[in-house]
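These notes are about the structure you will find just below.
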Amino acid sequence: MTRRANLKASAGAQPNQSLIDGITVLQALATSTEPVGCRELARRVDLETTRVNRLLKTLTYLGIARQTSDRKYRPGSGMTVLAAQSLFASGLLRRALPALEELRRYGHTVAMGVLWRDNVSYLFHAPPNMPETDAVGRIGLYPATQGGIGMALLAAQDDLEIEETYDGHAIPGYASLADLLAALNQVRAAGYARLRVKQDFEQHTVAITIGTPVHAAIGLSGWIPEAAMPEMLDALRHAARRIEESSDARGADHGPVVPVLDYRTAV
């Protein structure tokens, strides 16, 4: 089954396939590190070239994409606007920064990420001594099964969602879907993910989720022996509570102070 078929199976009763295809193309363009041609993008997303061409032309008309001199495509200023607007409206990163900065006192890498299909997008990823400003949005998509934050977020889903995501696809780090589900059951039982990330130095990532329902996860990565686990988990849970309480206290006064703009004007 293709990823496109998976999307159809998991969507609602009346999914708008044109919208699904448009968002798929937008997301593929957003994660491309280099300008990409229409045919190549169509291959990546498993859609017809003519359909992708129409969608790219529409995104270019809106300013969300732009065409280069060699007729390839890259994100336009409108995509930056959408990213900034969504971060402002969500407020997640802004509210989380104080708690994440407090976690840095342990000398480990501190991260926060959200799940997108089978990948994690890191909103914040700060190795020791890295300035906070350099830690925001510095890493692109990363396979969810290869990181503690990804495993914590996957464990918050039910097995059917996991099966729909990985059916017919290779699973990084796991020989089969059954192996992945067994690992996720261990995460659920423990209430946190602990993943060895560097064999030579015995480095681990420890991660927990945020929110009810879950919408993000935070983690620490470094030399974290078993003896240090209680302290690290206490610190992560305290940080998660701070972020959740900040969200609960956000209130209406944090909303937009001007009327919502017409999308054509905003883009």
Side-chain angles (χ1 to χ4, degrees), residues 3 6-7 10 24 27-28 30-33 44 86-87 90 92-93 96 99-100 103 108-127 135-199 201-224 229 232-233 235-237 239-240 243-244:
R3 184 174 301 281
N6 281 336
L7 285 173
S10 61
T24 298
Q27 192 265 342
T31 56
S32 181
T33 57
R44 293 181 188 179
S86 64
L87 283 175
S90 163
L92 173 60
L93 182 59
L100 296 174
L103 285 173
H108 299 311
T109 295
V110 177
M112 179 174 71
V114 296
L115 188 66
W116 173 252
R117 297 180 182 170
D118 57 350
N119 290 292
V120 168
S121 177
Y122 287 94
L123 303 181
F124 184 91
H125 190 280
V136 177
R138 77 180 191 91
I139 293 181
L141 295 180
Y142 188 78
T145 55
Q146 292 192 313
I149 283 179
M151 289 296 287
L153 290 168
L154 287 174
Q157 299 184 341
D158 60 38
D159 286 357
L160 180 59
E161 290 178 284
I162 302 300
E163 291 170 6
E164 288 177 346
T165 297
Y166 290 101
D167 185 30
H169 298 277
I171 306 176
Y174 294 89
S176 68
L177 178 61
D179 290 340
L180 173 60
L181 292 175
L184 293 176
N185 281 332
Q186 292 179 355
V187 174
R188 292 165 185 151
Y192 60 87
R194 175 180 164 89
L195 193 70
R196 190 164 182 169
V197 291
K198 290 187 179 179
Q199 299 294 331
F201 300 99
E202 295 190 9
Q203 291 197 345
H204 291 80
T205 292
V206 179
I208 65 170
T209 57
I210 300 173
T212 305
V214 168
H215 58 269
I218 56 175
L220 294 169
S221 186
W223 185 66
I224 306 177
M229 283 294 295
M232 297 298 100
L233 286 171
L236 285 169
R237 288 165 180 156
I243 296 170
E244 290 171 3

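On a predicted model such as this, the values are computed, not experimentally measured, just so you know. Excluded from the calculations below are hydrogen atoms, water molecules and symmetry mates; all remaining heavy atoms, backbone and side chain alike, are included. Positions are given from 1 along the sequence.
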Can you confirm whether Val114 sits close enough to Trp116 that some side-chain heavy atom of one is under 4.5 Å from a side-chain heavy atom of the other? no
Check: Pro172 main-chain N/O paired with Thr145 side-chain donor or acceptor under 3.5 Å: yes
Ignoring hydrogens and angles, write down the donor-acceptor pairs under 3.5 Å from the side chains of residues 152-162, residues two or more places apart or on other chains.
unit_1: Asp158; atom_1: OD1; unit_2: Leu160; atom_2: N; d: 3.2
unit_1: Asp158; atom_1: OD1; unit_2: Glu161; atom_2: N; d: 2.9
unit_1: Asp159; atom_1: OD1; unit_2: Arg188; atom_2: NH1; d: 3.0
unit_1: Asp159; atom_1: OD1; unit_2: Arg188; atom_2: NH2; d: 3.3
unit_1: Glu161; atom_1: OE1; unit_2: Asp158; atom_2: N; d: 3.1

Can you tell if the side chain of Phe124 reaches within under 4.5 Å of the side chain of Ile218, non-hydrogen atoms only? no
Glu244 side chain reached by Thr212 side chain, heavy atoms, under 4.5 Å: no
What is the minimum heavy-atom distance between Ser121 and Leu141, and which atoms define it? CB-CD2, 3.9 Å
Distance, nearest 0.5 Å, that separates NE2 of His215 from CD1 of Ile243: 8.0 Å
Identify the heavy atoms of Glu163 and Leu177 that sit nearest to each other, and give their distance. CG-CD2, 3.5 Å
Minimum heavy-atom separation for Ala216 and Leu92, please, with both atom names. CB-CD2, 4.0 Å
For Ser176, what residues pass the side chain to side chain contact (heavy atoms under 4.5 Å, CB included) criterion, not counting sequence neighbours? Ala178, Asp179
For side chain to side chain contact (heavy atoms under 4.5 Å, CB included), just list the numbers for His169 and Asp118, CA-CA rounded to whole Å, side-chain angles, deciding distance to a tenth of an Å, and then say yes or no. CA-CA 10 Å; His169 298 277; Asp118 57 350; 5.8 Å; no
Closest non-hydrogen atom pair, Leu103 against Ala239: CD1-CB, 3.8 Å
How far apart are the C-alpha atoms of Leu180 and Met151, what are their side-chain angles, what is the distance that settles it, and do they pass the side chain to side chain contact (heavy atoms under 4.5 Å, CB included) test? CA-CA 9 Å; Leu180 173 60; Met151 289 296 287; 4.1 Å; yes
Of all the heavy-atom pairs spanning Leu115 and Asn119, show the shortest one and how long it is. CD1-O, 3.3 Å
Does the side chain of Thr109 come within less than 4.5 Å of Leu220's, by heavy atoms? no
Donor-acceptor pair, Arg237 side chain versus Ile208 backbone, under 3.5 Å? no
Closest non-hydrogen atom pair, Gly222 against His108: CA-ND1, 3.8 Å
